[in-house]
Amino acid sequence: MLLQSFGKTRSKEVFRQLFIFFAPRLKNYFLKGGASLELADELIQETFVIIWRKAELYDERKASASTWIYTIARNLRIDHFRKERRYLYKDDRFFSKELVVDETQFESHHQAQLSERVQKALPLLPAEQSKIIKLAFYEDASHSKIAQYLQLPLGTVKSRMRLALVRLRKLLKGVEP
């Protein structure tokens, strides 16, 4: 919704909110993909320059905002590694699955549908399970950070996570293409 709003209004405040939300997640994404801190920061900046320039082209019917933004980030990362001729890194399987595979429009649409279904399914979970799922997947918090934040034993967090994922799978059955 923020991305759509920015595309229409070009509000600097909305853009700032997008940056505050996505920049740390993109940094984590780039670092996990083998980028240095400096490169991660550079790629984040390039990603947001493209978002600034092309936000009005975003169409929520084709993909969720996060899918659109991560696709931009992924393409920038691929371009950078191609320029460096750095085709091999930590894990060849990661490279072939994460960097080379092109996301089709169908996959983007499916991801948007799945995201929407998950949003609707979360309130159907018990509150303590829903909170853990939100912290883990939307805030990118580790199990230990969740345990610390919620003041729960680590084992309890892991058990609730497992139960929540089992329930979500049942609720989302039939969403897979």
Side-chain angles (χ1 to χ4, degrees), residues 1-7 9-60 62-105 107-112 114-116 118-119 122 131-150 154 157-158 161 165:
M1 209 141 135
L2 281 176
L3 184 58
Q4 243 182 336
S5 174
F6 176 70
T9 65
R10 308 299 285 178
S11 163
K12 289 180 183 178
E13 176 57 28
V14 173
F15 186 76
R16 187 181 72 75
Q17 290 174 14
L18 276 169
F19 185 85
I20 288 170
F21 182 80
F22 281 104
R25 288 160 179 79
L26 289 172
K27 188 169 199 163
N28 190 32
Y29 172 73
F30 290 131
L31 292 173
K32 284 182 180 179
S36 67
L37 281 171
E38 296 80 21
L39 177 58
D41 288 339
E42 182 181 327
L43 290 171
I44 290 167
Q45 185 176 5
E46 289 179 35
T47 301
F48 278 93
V49 166
I50 292 172
I51 292 168
W52 180 269
R53 289 181 185 157
K54 297 186 177 188
E56 68 277 355
L57 300 176
Y58 167 69
D59 183 352
E60 71 175 6
K62 293 181 181 175
S64 68
S66 60
T67 299
W68 190 78
I69 289 170
Y70 275 94
T71 300
I72 291 169
R74 188 193 82 215
N75 291 340
L76 286 170
R77 185 178 64 176
I78 291 169
D79 290 346
H80 177 80
F81 287 133
R82 281 185 182 152
K83 285 178 192 170
E84 272 191 357
R85 299 192 188 283
R86 184 176 156 190
Y87 296 114
L88 299 175
Y89 59 121
K90 295 179 185 175
D91 183 346
D92 290 336
R93 284 175 289 162
F94 174 82
F95 180 81
S96 65
K97 288 180 184 173
E98 296 294 323
L99 292 182
V100 179
V101 176
D102 286 326
E103 184 176 38
T104 65
Q105 188 171 1
E107 289 167 335
S108 293
H109 178 71
H110 172 70
Q111 185 65 34
L114 180 60
S115 179
E116 186 178 315
V118 168
Q119 287 290 334
L122 281 175
K131 180 74 173 167
I132 288 172
I133 292 290
K134 288 176 184 175
L135 288 169
F137 293 99
Y138 294 108
E139 302 298 322
D140 202 25
S142 68
H143 290 169
S144 59
K145 293 230 188 245
I146 294 169
Q148 184 180 19
Y149 176 74
L150 296 177
L154 183 58
V157 169
K158 289 182 178 188
M161 175 72 74
L165 291 174

When the aromatic ring centroids of Phe48 and Phe15 are compared, is their separation below 6.0 Å?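 Yes.
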Please identify each residue that fulfils side chain to side chain donor-acceptor pair (under 3.5 Å) with Ser5, with sequence neighbours left out.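 Once residues adjacent in sequence are excluded, Ser5 has no partner under the side chain to side chain donor-acceptor pair (under 3.5 Å) criterion.
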Residues two or more places apart in sequence or in another chain: which of them pass side chain to side chain donor-acceptor pair (under 3.5 Å) with Ser66?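 For Ser66 the side chain to side chain donor-acceptor pair (under 3.5 Å) partners, ignoring immediate neighbours, are Ser64.
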On a heavy-atom basis, which atom in Ala35 and which in Ala40 lie closest, and how many Å separate them?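 Closest heavy-atom pair between Ala35 and Ala40: CB-N, 4.2 Å.
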Minimum heavy-atom distance between Val157 and Ala147, given as atom pair plus value: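 Taking every non-hydrogen atom into account, CG2-CA, 3.6 Å.
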Approximate separation, where rounding is to 0.5 Å, of [X] [atom1] and [Y] [atom2]:
{"X": "Gln4", "Y": "Asp59", "atom1": "CD", "atom2": "CG", "result": "8.0 Å"}
{"X": "Leu135", "Y": "His143", "atom1": "CG", "atom2": "NE2", "result": "10.5 Å"}
{"X": "Leu26", "Y": "Ile51", "atom1": "CG", "atom2": "CD1", "result": "7.0 Å"}
{"X": "Leu31", "Y": "Leu39", "atom1": "CG", "atom2": "CG", "result": "9.0 Å"}
{"X": "Lys62", "Y": "Thr67", "atom1": "NZ", "atom2": "OG1", "result": "14.0 Å"}

Mind checking what makes side-chain contact (heavy atoms from CB on, under 4.5 Å) contact with Phe21, not counting sequence neighbours?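 Scan of Phe21 (side-chain contact (heavy atoms from CB on, under 4.5 Å), adjacent residues dropped) gives Arg25.
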State which residues pass side-chain contact (heavy atoms from CB on, under 4.5 Å) with Glu13; sequence neighbours excluded, sorted by chain then number.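 Counting only residues at least two positions away or on another chain, Glu13 forms a side-chain contact (heavy atoms from CB on, under 4.5 Å) with Ser11, Arg16, Gln17.
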Can you sort out the partners of Asp79 under salt bridge (Lys or Arg N to Asp or Glu O under 4.0 Å), two or more places apart, ordered by chain and number?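 Asp79 satisfies salt bridge (Lys or Arg N to Asp or Glu O under 4.0 Å) with no residue once adjacent residues are dropped.
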For Tyr149, which residues count as a ring-ring contact (aromatic ring centres under 6.0 Å, His included) partner, sequence neighbours excluded?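 If we apply the ring-ring contact (aromatic ring centres under 6.0 Å, His included) test to Tyr149, skipping adjacent residues, there are no hits.
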Can you check whether Tyr29 reaches Arg74 side chain to side chain, under 4.5 Å on heavy atoms?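 The answer is yes; the side chains approach within 4.5 Å.
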Leu76 versus Ile50: any side-chain heavy-atom pair under 4.5 Å?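 Touching, per the 4.5 Å side-chain cut-off.
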Carefully, step by step, assess Ile44 and Phe19 under the rule side chain to side chain contact (heavy atoms under 4.5 Å, CB included). CA-CA 9 Å; Ile44 290 167; Phe19 185 85; 4.0 Å; yes
I need the full list of side-chain hydrogen bond (donor to acceptor under 3.5 Å, both in side chains) pairs touching residues 39-58, with sequence neighbours left out, sorted by first then second residue.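 Of all non-adjacent pairs touching residues 39-58, those that pass side-chain hydrogen bond (donor to acceptor under 3.5 Å, both in side chains) are Arg10-Glu56, Lys27-Asp41.
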